[in-house]
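So you know, we letter chains A, B, ... as the sequences are listed, proteins then strands, and number each from 1.
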There are 2 protein chains.
Amino acid sequence: MDLDERKKKILLAIIKTYLDTGEPVGSRTISKIEDLNLSSATIRNEMADLVDMGYIIQPHTSAGRIPSDKGYRFYVDQLMAEKEQQVEERERETDEMRGMLIEKADKMERLLKQVARSLSANTNYAAMISAPRYNMNRLKFIQLSRMEAERIVAVIVLEGNMIKNQIIDIDEPIDDETLLKLNMLLNTTLNGMAIEDISLAVIAKMKQQAGEQAGIIAEVIDAVAESIKADEDLEIYTSGANNIFKYPELADNERASGIITAFEEKKQLTDLVYETLSHSDEKGIQVYIGEEAPVENMKDCSVVTATYELDEGIHGTIGIIGPKRMDYDKVLSTIKKLTSELDDMFKKS
Amino acid sequence: MDLDERKKKILLAIIKTYLDTGEPVGSRTISKIEDLNLSSATIRNEMADLVDMGYIIQPHTSAGRIPSDKGYRFYVDQLMAEKEQQVEERERETDEMRGMLIEKADKMERLLKQVARSLSANTNYAAMISAPRYNMNRLKFIQLSRMEAERIVAVIVLEGNMIKNQIIDIDEPIDDETLLKLNMLLNTTLNGMAIEDISLAVIAKMKQQAGEQAGIIAEVIDAVAESIKADEDLEIYTSGANNIFKYPELADNERASGIITAFEEKKQLTDLVYETLSHSDEKGIQVYIGEEAPVENMKDCSVVTATYELDEGIHGTIGIIGPKRMDYDKVLSTIKKLTSELDDMFKKS
DNA sequence: GTTAGCACTCTAACGAGGCGAGTGCTAACA
DNA sequence: TGTTAGCACTCGCCTCGTTAGAGTGCTAAC
């Protein structure tokens, strides 16, 4: 059997109606609304076919139909294709969404939180955003300073001006000269290096070059190396998790508990971010419907993610989690708008 | 009417039974369990009195009784008094709770997260912990380093080894000598100063002392001053928010949504922390029952908080949020154990 | 002051019945 | 051959009445 033009129209009508009402939609409803004038009986026949083909489901014999994951997938693909076309006109529209314009925030953290909040408030779904991830991270600058006699603070600046600190306790006092030498050694050796390339061999070589006072220097080098290597886990900010309670199909204890846990533990969101980033070259926006989601606790949700670019090779992810019957149209626009706004903002600054 | 000895016993029996079962407790149950052998009829009479006095409530005419907020308050006060006595023996007990011993964590953040997780896992309630707050924060050390020609990174170390970074873009290149001078100026003037005391006057004086190159130096000083002043908002880590779904009286949409929001937004938790810190001199452990909680969304919960001390004047708060019928006994022990463990850990290091 | 006994109250659980939405199928129609 | 009208049927949901059980409040006796 084949998805002819009429079946497509009917399918889309069913899905749209369901998105509106949240209730199973019957044949009569469609027969009335639709521009192709058909009786409910005809619609019923077509619906039966659509059920056979797996696009829709009837919860029980005498209820209307609701979209299956496959149905949603069809709808979303359709929608994305349309968006692709419209993108140029849209871009030039004066947008009413300016309300969500992000005020200038001095700190990245605050900005990200604000974005998440804006996103959840605008869509009524749960939102998340990951701090930008440095793909090929290079070392830009290292500075050791003596804090107290036997305590050094190391400041490590990475490409993208991300800063790490490390306090190093040493066994014996270190004199200014040694400290200076150490600073030079570290900077000449490591600056511009990708973190992945800082191997044991490199570290060993540095220790060797240290010559005298090898003991204390080795101590410091090890501490610095460790600090560089330690990749902190991805910062993720969330907002509007409580929105899930607005959708009865997600608000039962078990599901809600799962989603809340995912939002609190962040572990699963981290997976989601990596998944998205690994696909980011393809398209920009990803839609996961139900089982498609790479996250266990979101099998009953739809997840929409997108990648934003802060700078060459520095990416982050924003995402929306909601019920399968989410307003995909609005979500796609919002998320598209927001990513481009983010991109602009970073490029400007 | 007066709360005589027998009434107290009965009241405590009711509350304990209710904590166990979570269901309204009837007169027969008490008459059987209790050591003071009384018939259910007598118990009923006493219960009627207790209702009049406001310690217990009957949900409807023919159900058992459940404790009121006032009843819980009585119970908790009783319990805290007992604890006070036992504290010495307890302290010496070999504790079975060693399972929750915190593994050595290199980073404060990780430690705090771990504590929160341990707390929620051990109690089956929702847990939170605030990062330590520096009451009278003093400046320990400042270091400016040149990153690029017109870009400086300032590292500011506060008492308690809390570190702040700030990247400063300047208008014209700065030479080594000026940088050195600036470093000395900042350190001699500011080291050991409480942040509250860094007034405009102090800053003005520094600018004046700068002499030549006043322009560039003023720029840097302002940036540093601003960075010092900017008090980041309290970091709060949470864990086990999903535990609330284990308690039907909290798991309905409205309540759950409220609690989840409080946990996600952190704003209300921040209030809670400040409230606790402001009382921290009194006792150590605070119990808020129902309406007593300083947080709107937790009117149906009980909240137990305690203060831990990282160092003189540096405090943080840990807290547990659960249903009113929480196992106060266990929670109090757990939280007491944990704070003292935290105190020890910090004092050691 | 305590207890036994009894009528009363209230909730939760169950099942029957009716309603309404919607289906699937058949037969007729263009 | 595709479309439609008509009709019997299914099924979830709501309401209502009934029942069982737990627990009370009160009275009268000890």
Are any of B:Q58's side-chain N or O atoms less than 4.0 Å away from OP1 or OP2 of D:dG25? yes

For atom CG of B:D49 and atom P of D:dC26, their distance in whole Å: 12 Å

Might you point out which heavy atoms bring A:A306 and A:I285 nearest each other, and give the distance in Å? CB-CG1, 4.1 Å

Other residues, nucleotides and ligands only: do more than 12 of their heavy atoms fall within 6.0 Å of NZ on A:K9? no

Protein-nucleotide distance (B:N45, atom CG; C:dG1, atom C1'), rounded to Å: 10 Å

Distance-only donor-acceptor test, B:R28 side-chain atoms vs D:dG21 base atoms, 3.5 Å: no

Atom CD of A:E23 and atom P of C:dA21: how far apart are they, to the nearest Å? 12 Å

D:dT3, C:dT23, D:dT24: which one has an atom nearest the side-chain heavy atoms of B:S27? D:dT24

Do NZ/NE/NH1/NH2 and the carboxylate oxygens of B:E292 and B:R73 come within less than 4.0 Å? yes

Round to a whole Å and report the spacing from CD of A:E46 to P of C:dT23. 14 Å

Under 4.0 Å between a side-chain N/O of B:T42 and OP1 or OP2 of C:dT2, yes or no? no

Cation-pi check for A:Y55 against A:K70: NZ or CZ below 6.0 Å from the six-membered ring centre and within 45 degrees of the axis, yes or no? yes

For a quick check, tell me whether the side chain of B:R65 and the base of D:dG25 share a donor-acceptor pair closer than 3.5 Å. no

Going 5' to 3' along nucleotides 11-19 of chain C, which nucleotides have protein heavy atoms under 4.0 Å from the base (write B), which only from the sugar-phosphate (write S), and which from neither (write -)? S--------

Please find the pair of heavy atoms, one from A:I321 and one from A:M298, that lie closest to each other, and give the distance. CG1-SD, 3.8 Å

Would you kindly give the CD1-to-C1' distance between B:I30 and C:dT3, to the nearest whole Å? 18 Å

Please report, rounded to the nearest Å, how far the C1' atom of D:dT24 is from the CD1 atom of B:I66. 16 Å

Given axes from five pairs at either end, by how many degrees does the helix from C:dG1-D:dC30 to C:dA30-D:dT1 bend, rounded to 10°? 20°

Look at the rings of A:Y328 and A:Y75 and say which category their plane angle falls in: under 30° parallel, 30 to 60° tilted, over 60° perpendicular. perpendicular

Identify which nucleotide among C:dT3, D:dG25, D:dG6 has an atom closest to any side-chain atom of A:R44, counting heavy atoms from C-beta outward. D:dG6

Determine, for A:D300 against A:K324, whether the closest basic-nitrogen to carboxylate-oxygen distance falls under 4.0 angstrom. no

Determine whether A:I318 and A:M128 satisfy the following criterion, side-chain contact (heavy atoms from CB on, under 4.5 Å), listing intermediate values before the conclusion. CA-CA 6 Å; A:I318 63 182; A:M128 54 138 280; over 6 Å; no

NA contact type, A:T61, heavy-atom cut-off 4.0 Å: base, sugar-phosphate, or nothing? sugar-phosphate

Hey, which of these two, A:G64 or B:S40, hits DNA chain C nearer its 5' end, going by closest nucleotide? B:S40

Can you tell me how far C1' of C:dT3 sits from CZ of B:R6, to the nearest Å? 12 Å

Consider the side chain of B:A41, meaning its heavy atoms from C-beta on, and name the nucleotide among C:dA4, D:dT24, D:dT4 that approaches it most closely. C:dA4

Under a 3.5 Å distance rule, please check whether B:Y125 uses its side chain to pair with a backbone N or O of B:D327 as donor and acceptor. yes

Distance-only donor-acceptor hits, side chain of residues 258-267 of chain B, under 3.5 Å, sequence neighbours excluded:
| residue | atom | partner | partner atom | Å |
| --- | --- | --- | --- | --- |
| B:T261 | OG1 | A:N242 | ND2 | 3.4 |
| B:T261 | OG1 | B:S257 | O | 2.6 |
| B:E264 | OE1 | A:G240 | N | 2.9 |
| B:E264 | OE1 | A:A241 | N | 3.0 |
| B:E264 | OE2 | A:T238 | OG1 | 3.0 |
| B:E264 | OE2 | A:S239 | N | 3.3 |
| B:E264 | OE2 | A:A241 | N | 3.3 |
| B:K266 | NZ | B:I236 | O | 3.4 |
| B:K267 | NZ | B:D271 | OD1 | 3.1 |
| B:K267 | NZ | B:D271 | OD2 | 3.2 |

Interatomic distance where CG belongs to B:N37 and P belongs to C:dA4 [whole Å]: 11 Å

